[in-house]
Enquirer: 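Handing you a structure now.
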Amino acid sequence: MADVYKEQAQFFANVPLMQSGVVASVHLEDGDDKDFWNAMLQIHHPGRYYFITHSRSPKGFDTKGCEQCLKYRPYLSKRFFICIDSDMRYLLQEQDIDAANYICQTYTYSWENHYCEASALQQRFVKKCLDKIATFDFPTFLSELSKVLYKPLLLLLYCLKNDKSGFNLRMFSACLPNQCRRAELADNGKLLLERIAKNFEPHLNSPFAQSVDLEVEKVYSQNLGVDEQNAYLHVRGHNLFDLVAYIGDLLCRGTSISFRNDVLLYDLPLQSYWEIRKVASDIAEIVTP
């Protein structure tokens with residue numbers, strides 16, 4: 001039986017040879033990922049890229065997603081590589097997900113997290129919204145949110161590493177709302193932060209959680225660069241992105257500003273934190289001749 005992934009990989013790898021000016025073929029998880037990865041590629045290695053947002057499964061169906069991308073692992077090269085969300089793979093240190101194997105990853109949970117990076121988000125927010133809407137300090141809010149999320153993230157990490165069912169991603173996500181009330185945004189979201197912390201309390205105070213030595217997980221996560229200040233970049237991207245987008249929409253209500261388009265997704269974050277510098281380093285390693 002023909003190997004459909006090998007056949008497709010050969011075609012994708014030949015595109016740069018057949019089409020003048022194409023640097024490489026790049027398989028993404030989904031079409032929504034294209035803006036982020038193209039922007040990163042243009043910053044660090046400008047040129048034309050042939051983006052693949054879905055490909056054929058052995059049964060002939062158009063298929064997308066991270067697992068589909070990873071099916072091509074044996075056949076990747078400088079002319080054909082993949083770009084995926086890290087999800088929990090980075091924190092779990094899944095083997096061979098690296099530039100040496102022609103795989104770019106986000107290092108944050110997903111590309112959405114990068115657009116929520118606090119310092120760059122605040123700069124975009126101030127530049128677009130200064131004197132037009134009520135003051136809100138995203139770095140203060142996200143710093144406090146990160147502190148709230150850190151222990152639950154450590155507990156989740158313990159469960160995933162040790163195949164324990166006491167706490168899982170679904171439970172974690174259920175505690176992080178994607179909407180809030182305007183009144184909860186006073187004092188840089190103090191009431192919202194209190195509500196989120198309260199949502200996690202039953203899990204953190206459970207007999208199961210009390211039996212887990214989170215100090216061990218803290219050392220493990222800090223060795224990977226994840227701590228109380230940047231934990232928010234390593235939680236499920238949709239949860240973080242949707243909440244930040246909703247907060248921004250509330251703040252911009254009644255103005256002509258589209259927070260999502262004019263602020264949140266307006267530009268890539270500054271290259272000032274290790275997660276995005278690692279993305280840049282991987283790109284350079286793969287595409288540099």
Enquirer: Verify the neighbour count for atom NZ of K34: are there more than 12 heavy atoms of other residues, nucleotides or ligands below 6.0 Å?
Expert: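 No - once you tally the heavy atoms of other residues, nucleotides and ligands closer than 6.0 Å, there are 12 at most.
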Enquirer: Could you tell me which non-hydrogen atom of N199 sits nearest to which non-hydrogen atom of P202, and how far apart they are?
Expert: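 Scanning both residues completely, I find the closest heavy atoms to be O-CD, 3.4 Å.
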Enquirer: Starting from the C-alpha separation in whole Å, work towards a yes-or-no answer on side chain to side chain contact (heavy atoms under 4.5 Å, CB included) for L185 and F136.
Expert: CA-CA 8 Å; L185 300 184; F136 189 86; 4.1 Å; yes
Enquirer: Would you compute the distance between atom OG1 of T140 and atom CD of Q122 and round it to the nearest 0.5 angstrom?
Expert: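 Between atom OG1 of T140 and atom CD of Q122 there are 8.0 Å.
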Enquirer: Which value, rounded to the nearest 0.5 Å, describes the distance between L155 atom CG and L214 atom CG?
Expert: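 One gets 6.0 Å once the value is rounded to the nearest 0.5 Å.
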Enquirer: Could you tell me the separation between the CD1 atom of I103 and the CG atom of D96, rounded to the nearest 0.5 Å?
Expert: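 Going from the CD1 atom of I103 to the CG atom of D96 covers 7.5 Å.
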Enquirer: Does any part of the side chain of Y232, heavy atoms only, come nearer than 4.5 Å to the side chain of V148, both counted from C-beta?
Expert: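 The answer is no; the side chains never approach within 4.5 Å.
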Enquirer: Is there side-chain contact between R260 and F241, with at least one heavy-atom pair below 4.5 Å?
Expert: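 R260 reaches F241 side chain to side chain.
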Enquirer: Is there a chain of hydrophobic side chains (I, L, V, M, F, W, Y, each step under 4.5 Å between heavy atoms) that links I43 to V287?
Expert: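 Yes.
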Enquirer: Which atom pairs, donor and acceptor, lie under 3.5 Å between side-chain atoms of residues 158-167 and protein residues at least two apart or in another chain?
Expert:
residue, atom, partner, partner atom, Å
K161, NZ, E217, OE1, 3.0
N162, ND2, Y158, O, 2.8

Enquirer: Does the side chain to side chain contact (heavy atoms under 4.5 Å, CB included) test come out yes or no for F200 and F172, once each step is laid out?
Expert: CA-CA 8 Å; F200 281 110; F172 186 104; 3.9 Å; yes
Enquirer: Using 0.5 Å steps for rounding, measure from the OG atom of S221 to the CG atom of L157.
Expert: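 If I round to the nearest 0.5 Å, the distance is 7.0 Å.
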Enquirer: How about Y150 and H234: does a side-chain donor come under 3.5 Å of a side-chain acceptor?
Expert: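 Absent: no donor and acceptor within the cut-off.
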Enquirer: Within the distance-only criterion (no hydrogens, no angle test), does the side chain of Q68 pair as donor or acceptor with the backbone N or O of G65 below 3.5 angstrom?
Expert: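 No; judged by distance alone, with no hydrogens or angles, the pair does not exist.
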Enquirer: Is there side-chain contact between L70 and R89, with at least one heavy-atom pair below 4.5 Å?
Expert: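 With C-beta onward as the side chain, the pair touches.
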Enquirer: If we ignore hydrogens and angles and just use 3.5 Å, is the side chain of R56 paired with the main-chain N or O of T63 as donor and acceptor?
Expert: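 No, because the side chain of R56 does not come within donor-acceptor range (under 3.5 Å) of the backbone of T63.
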Enquirer: Report whether Y266 and L121 are members of the same hydrophobic cluster (ILVMFWY, side-chain heavy atoms less than 4.5 Å apart, transitive linking).
Expert: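 Not linked; separate clusters.
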Enquirer: So, N168 side chain and R170 main chain: donor-acceptor pair closer than 3.5 Å or not?
Expert: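 Indeed, once roles are kept as given, a pair shorter than 3.5 Å links the two residues.
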Enquirer: Identify the two heavy atoms, one from V23 and one from G47, that lie closest to each other, and give their separation to 0.1 Å.
Expert: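 It is CG2-CA, 4.0 Å.
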Enquirer: Does D87 offer a backbone N or O that forms a donor-acceptor pair with the side chain of D85 under 3.5 Å?
Expert: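 Not a single qualifying donor-acceptor pair exists.
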Enquirer: Quick one: does D98's side chain get under 4.5 Å of D282's, heavy atoms only?
Expert: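 Answer no - side chains too far apart.
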Enquirer: Hey, does R73 have a side-chain heavy atom less than 4.5 Å from the side chain of I97?
Expert: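 Contact flag for I97/R73 side chains = yes.
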Enquirer: Side chains of S57 and V4: does their closest heavy-atom pair fall under 4.5 Å?
Expert: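 No, every pair of side-chain atoms sits at 4.5 Å or beyond.
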Enquirer: Hey, could you give me the NE2/CD1 distance between H44 and I286, rounded to the nearest 0.5 Å?
Expert: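 Reported value, rounded in 0.5 Å steps: 12.5 Å.
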Enquirer: Would you give the length of the straight line joining atom CG of L28 to atom CH2 of W37, rounded to the nearest 0.5 angstrom?
Expert: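 Nearest 0.5 Å value for the CG-CH2 distance: 8.5 Å.
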Enquirer: Look at the rings of F80 and F12 and say which category their plane angle falls in: under 30° parallel, 30 to 60° tilted, over 60° perpendicular.
Expert: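 F80 vs F12 ring planes: tilted.
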Enquirer: Looking only at side chains, do E7 and Y75 share a donor and an acceptor under 3.5 Å apart?
Expert: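 Short answer, no.
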Enquirer: Checking T106 against E275: is there a side-chain donor and acceptor pair closer than 3.5 Å?
Expert: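 E275 vs T106: no donor-acceptor pair found between side chains.
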Enquirer: Distance-only, no hydrogens or angles: does the D187 side chain make a donor-acceptor pair with backbone N or O of K190 under 3.5 Å?
Expert: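 No, the answer is negative, given that no donor and acceptor are paired below the 3.5 Å cut-off.
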Enquirer: Can we say E201 and K198 salt-bridge, meaning some charged N sits less than 4.0 Å from an Asp/Glu carboxylate O?
Expert: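 No, this pair does not count.
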Enquirer: For residues S146 and E228, determine if any side-chain heavy atom of one lies less than 4.5 Å from a side-chain heavy atom of the other.
Expert: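 In short, these two side chains do not touch, never coming nearer than 4.5 Å.
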Enquirer: Identify the two heavy atoms, one from L250 and one from C180, that lie closest to each other, and give their separation to 0.1 Å.
Expert: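 Looks like CD1-O, 3.6 Å.
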Enquirer: For the residue pair F36 and W111, does the interplanar ring angle fall in the parallel (under 30°), tilted (30 to 60°) or perpendicular (over 60°) class?
Expert: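 Plane angle under 30°, so parallel.
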Enquirer: Passes side chain to side chain contact (heavy atoms under 4.5 Å, CB included), C129 versus L251? Steps please.
Expert: CA-CA 9 Å; C129 303; L251 294 171; over 6 Å; no
Enquirer: Search all heavy atoms of A209 against all heavy atoms of L204 and return the closest pair with its distance.
Expert: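 Minimum heavy-atom contact is CB-O, 3.4 Å.
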Enquirer: With a 3.5 Å distance limit and no angle check, can you tell me whether K64 reaches the backbone of E29 through a side-chain donor-acceptor pair?
Expert: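 No: the side chain of K64 does not pair with the backbone of E29.
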Enquirer: Can you confirm whether or not the ring centre of F81 sits under 6.0 Å from the ring centre of Y72?
Expert: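 They do not qualify: ring centres at least 6.0 Å apart.
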Enquirer: Counting only heavy atoms from other residues, nucleotides and ligands, does the tally under 6.0 Å from NE2 of H238 exceed 12?
Expert: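 No - once you tally the heavy atoms of other residues, nucleotides and ligands closer than 6.0 Å, there are 12 at most.
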Enquirer: Taking 4.0 angstrom as the limit, do K278 and E285 come out as a salt bridge?
Expert: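 Here K278 does not pair with E285 in a salt bridge, since their nearest N and O are not under 4.0 Å apart.
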Enquirer: Output, in order, the C-alpha distance, side-chain angles, deciding distance and verdict of side chain to side chain contact (heavy atoms under 4.5 Å, CB included) for I196 and L176.
Expert: CA-CA 6 Å; I196 295 171; L176 191 57; 3.9 Å; yes
Enquirer: Examine distances only and state if a side-chain atom of D33 and a backbone atom of I84 form a donor-acceptor pair shorter than 3.5 Å.
Expert: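 No; zero donor-acceptor contacts below 3.5 Å.
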Enquirer: What about L153 and W274, same hydrophobic cluster or not, with Ile/Leu/Val/Met/Phe/Trp/Tyr joined at side-chain heavy-atom distances under 4.5 Å?
Expert: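 Yes, it is one cluster - the side chains of L153 and W274 are joined through contacts under 4.5 Å.
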Enquirer: Where the side chain of E144 meets the backbone of P139, is there a donor-acceptor pair that is under 3.5 Å apart?
Expert: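 Not confirmed, E144 side chain does not pair with P139 backbone.
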Enquirer: Please tell me whether L149 and L191 are part of a single hydrophobic cluster in this structure, the criterion being side-chain heavy atoms less than 4.5 Å apart.
Expert: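 Cluster IDs for L149 and L191 differ.
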Enquirer: Minimum heavy-atom separation for A24 and K78, please, with both atom names.
Expert: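 Minimum heavy-atom contact is CB-O, 3.4 Å.
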Enquirer: Tell me whether R124 contacts the main-chain N or O of Y115 through its side chain, where contact means a donor paired with an acceptor under 3.5 Å.
Expert: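 Flag set: sc R124 to bb Y115 pair under 3.5 Å.
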Enquirer: Do V26 and M18 sit in the same hydrophobic cluster, where Ile, Leu, Val, Met, Phe, Trp and Tyr count as joined when their side-chain heavy atoms come under 4.5 Å apart?
Expert: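 They do share one cluster, since a chain of ILVMFWY contacts under 4.5 Å joins V26 to M18.
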Enquirer: For A13 and R79, which heavy atoms make the closest approach, and how far apart are they?
Expert: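 Where A13 meets R79 most closely, the heavy atoms are O-NE, 2.7 Å.
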Enquirer: Report yes or no: does Q105 contribute a side-chain atom to a donor-acceptor pair with the main-chain N or O of V279 at less than 3.5 Å?
Expert: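 A pair under 3.5 Å: no.
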Enquirer: Report yes if the side chains of L240 and S110 come closer than 4.5 Å at any heavy-atom pair, otherwise no.
Expert: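 They are not in side-chain contact.
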Enquirer: Please determine, by modelled atom types, if Q10 and N14 share a side-chain donor-acceptor pair under 3.5 angstrom.
Expert: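 Looking only at side-chain atoms, N14 and Q10 do not form any donor-acceptor pair under 3.5 Å.
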Enquirer: Give the ring-plane orientation class for F125 versus F138, where under 30° counts as parallel, over 60° as perpendicular and anything between as tilted.
Expert: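 Ring orientation, 0 to 90° scale: perpendicular.
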